[in-house]
Amino acid sequence: MDVTAADEATARAMMTHLEKWWATSGITPVRHAPGVPGVKARVYADLRRPGTMT
């Protein structure tokens, strides 16, 4: 998933929240492009929940 946020703290909080629900790649580096507002991060997640997939 690509996470886009206003600032690094918000992006990290979102990644932390995602970790509580799914198996993720953890807190990944946050990128900021000069002259572009906000930050971006990429998180890999297994969205399947135990017991929901056959």
Side-chain angles (χ1 to χ4, degrees):
M1 289 183 261
D2 288 325
V3 174
T4 303
D7 55 49
E8 189 169 336
T10 304
R12 290 187 184 282
M14 184 62 193
M15 288 186 275
T16 299
H17 185 73
L18 288 172
E19 281 186 314
K20 293 178 182 178
W21 288 96
W22 298 304
T24 72
S25 55
I27 306 297
T28 60
V30 176
R31 301 177 312 277
H32 173 70
V36 178
V39 297
K40 295 182 183 241
R42 178 159 289 168
V43 177
Y44 297 93
D46 183 353
L47 303 177
R48 295 173 295 175
R49 294 182 145 247
T52 62
M53 302 297 287
T54 57

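Since this is a predicted model, take the numbers as computed values, not measurements.
- Listed by chain and number, the residues in a salt bridge (charged side-chain N to carboxylate O under 4.0 Å, His left out) with Glu19 amount to none (sequence neighbours excluded).
- Residues Met1 and Trp21 share a hydrophobic cluster, clusters being chains of Ile/Leu/Val/Met/Phe/Trp/Tyr side chains in contact below 4.5 Å.
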With a cut-off of 3.5 Å and sequence neighbours excluded, list every side-chain donor-acceptor pair involving residues 24-33.
unit_1	atom_1	unit_2	atom_2	d
Thr24	OG1	Gly26	N	3.1
Ser25	OG	Tyr44	N	3.0
Thr28	OG1	Arg42	O	2.8
His32	ND1	Gly38	O	2.9

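- Across Ala5 and Ala11, no two heavy atoms sit closer than the pair CB-N, 3.7 Å.
- Contacts of Met14 classified as side chain to side chain contact (heavy atoms under 4.5 Å, CB included), with partners at least two apart in sequence or in another chain: Val3, Leu18.
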